[in-house]
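Computed over heavy atoms, backbone and side chain alike; hydrogens, waters and symmetry mates excluded. Residue numbers begin at 1 in each chain, while the letters A, B, ... track the order of the sequences.
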Amino acid sequence: MASLRDILRKIGAVKNTKQITRAMNMVAASKLRNTQGKMEKFEPYAGKFAKVLGSLASRIDPDIHPLLVKKEQVSRVELLHFTADRGLCGSFNVNTINVAEKWIKEQHAQKRDCNLTLVGKKGRDYFKKRGYSITASHTNIYGTVDISFVNQMTREFIGRYLSDETDEVYMIYTRFLGVVKQEPTLVRLLPIEPPQTGEETQEGVSEYLCEPGAEGLMLELLPKHMSVQIFNAFLQNEVSEHASRMTAMDNATKNCGELVENLTLVYNKARQAAITAELMDIVGGAEALK
Amino acid sequence: MGRLYLEVVTPQGVLVSQEVDSVVAPGTEGEFGVLPDHVLFLSGIVPGELRYMSGSVKGSMVVTTGFAEVSNDKVSVLVDAAEKTSEIDKERAQQAMERARRRLAKERESEDVDFARAQLALERAIARVRAVDKTA
């Protein structure tokens, strides 16, 4: 049986850990609120954008733009993958990496080359170690990302797509469904699938006067559409990370509390046993003196 | 007279959302003005100054690329970034313009994405400086 002092030391250690996890929980909670605010601010832009693009897409020929046309031969694909920069957020990174790796294996099984663009340190470390082909990786950019950075990313993807260096582009990010539910999601970026048009936009759309023409406008809007999607992924992924960390740290704090309770019980028992043993000694000694 | 409703939306949030009398915006094919009962209209937006009148109050802001939609007396401007002209620091804007000029001169030989980027940056910077100059 462990000595009293050992148990005390252990209780101290667990209490320290508990303090750390509780602090991390609170930091994650405040970051979560922060990023959720950013996400809410982005929503009107994304919503409006999808509406206009949808109504525009419904009345132009889908063959007009190479970004909309499916390539017949697909031999090279690209994946944009999002992970967190840090760990200690439950199964967040593991989940999304598993989904991505499974998907990559499927592509390999179909004899397609797969190149990766990675956002987040955890994913980069994982895929680099295992020798996957990586086109680019970005780390420590969550929180500082703005639309111009995303635009640049979009331009690179489109450039490679148009010069036939890649035939399809996908992305995997963790979608935020709620504080306790996040889900790795696969989205095809290129060729672009125009957003579905709602019924109400169907009528009256043709009366739009366009500058510089519906097609010209479409050419400008398609890359933007991709940027909007990627930017959205950035935000969602960040929010999911914080939510995931918050839950994980909350659980850890609870477990620490339980551990302290159990250890205290063990400590008290041991203390009592020691006292009893001492008493027995004294009584035994007094008995012997008689 | 029916009033217009102007909305300027960026990925960072909604900047302007208010009733106005008229709007003048920098479209891809040149500046265009919008008054109430405008026809349904869609246009690309290039870096420049967006002006609006609300009663006797004039408003001005600098926008970057994006597009605008006019429907049912509602003007929605969706741009990458926008700031109110009154909030622009003239000196910083001018510095940014100089920086963009120099970069552009350097990148001229290499005809790739960086060139396009530098050019866009310069356009934005010029738009900012011009807008500030006008109000000053």
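Contact between A:Ile147 and B:Pro11 at its shortest, heavy atoms only, is CD1-CG, 3.9 Å. When all heavy atoms of A:Pro44 and B:Val14 are compared, the closest pair comes out as CG-CG2, 3.8 Å.
Taking A:Tyr45, A:Phe231, A:Phe42 one by one and counting their heavy-atom pairs under 4.5 Å with chain B, the maximum is reached by A:Tyr45.
Residues B:Gln12 and A:Lys38 form no side-chain contact, since every pair of their non-hydrogen atoms from C-beta on lies 4.5 Å or further apart. Looking only at side-chain heavy atoms (C-beta outward), B:Val9 and A:Lys48 stay at 4.5 Å or farther from each other.
Using a 4.5 Å cut-off between heavy atoms, B:Glu29 contacts chain A through both its backbone and its side chain. With a 4.5 Å cut-off on non-hydrogen atoms, A:Leu221 touches chain B through its side chain but not through its backbone. If you measure heavy-atom distances from A:Asn232 to chain B, you find no contacts under 4.5 Å at all. Neither the backbone nor the side chain of B:Val8 comes within contact range of chain A; no heavy atoms are under 4.5 Å apart.
Other residues, nucleotides and ligands place more than 12 heavy atoms under 6.0 Å from the CZ atom of A:Arg76. Surrounding NZ of A:Lys41 are at most 12 heavy atoms belonging to other residues, nucleotides or ligands under 6.0 Å away. Around the CZ atom of B:Arg92, the shell of radius 6.0 Å holds no more than 12 heavy atoms that belong to other residues, nucleotides or ligands.
Scanning residues 158-167 of chain A against chain B with a 4.5 Å non-hydrogen threshold yields no residues.
Annotation: the span from A:Asp146 atom CG to B:Thr10 atom OG1 amounts to 11.0 Å, rounded to 0.5 Å. The distance from the NZ atom of A:Lys224 to the CG atom of B:Asp80 is 4.5 Å, given to the nearest 0.5 Å. Distance check: B:Leu78 CG to A:Lys51 NZ gives 10.5 Å after rounding to the nearest 0.5 Å.
Applying the side chain to side chain donor-acceptor pair (under 3.5 Å) rule to A:Asn34 yields no partners; only residues at least two apart in sequence or on another chain are considered.
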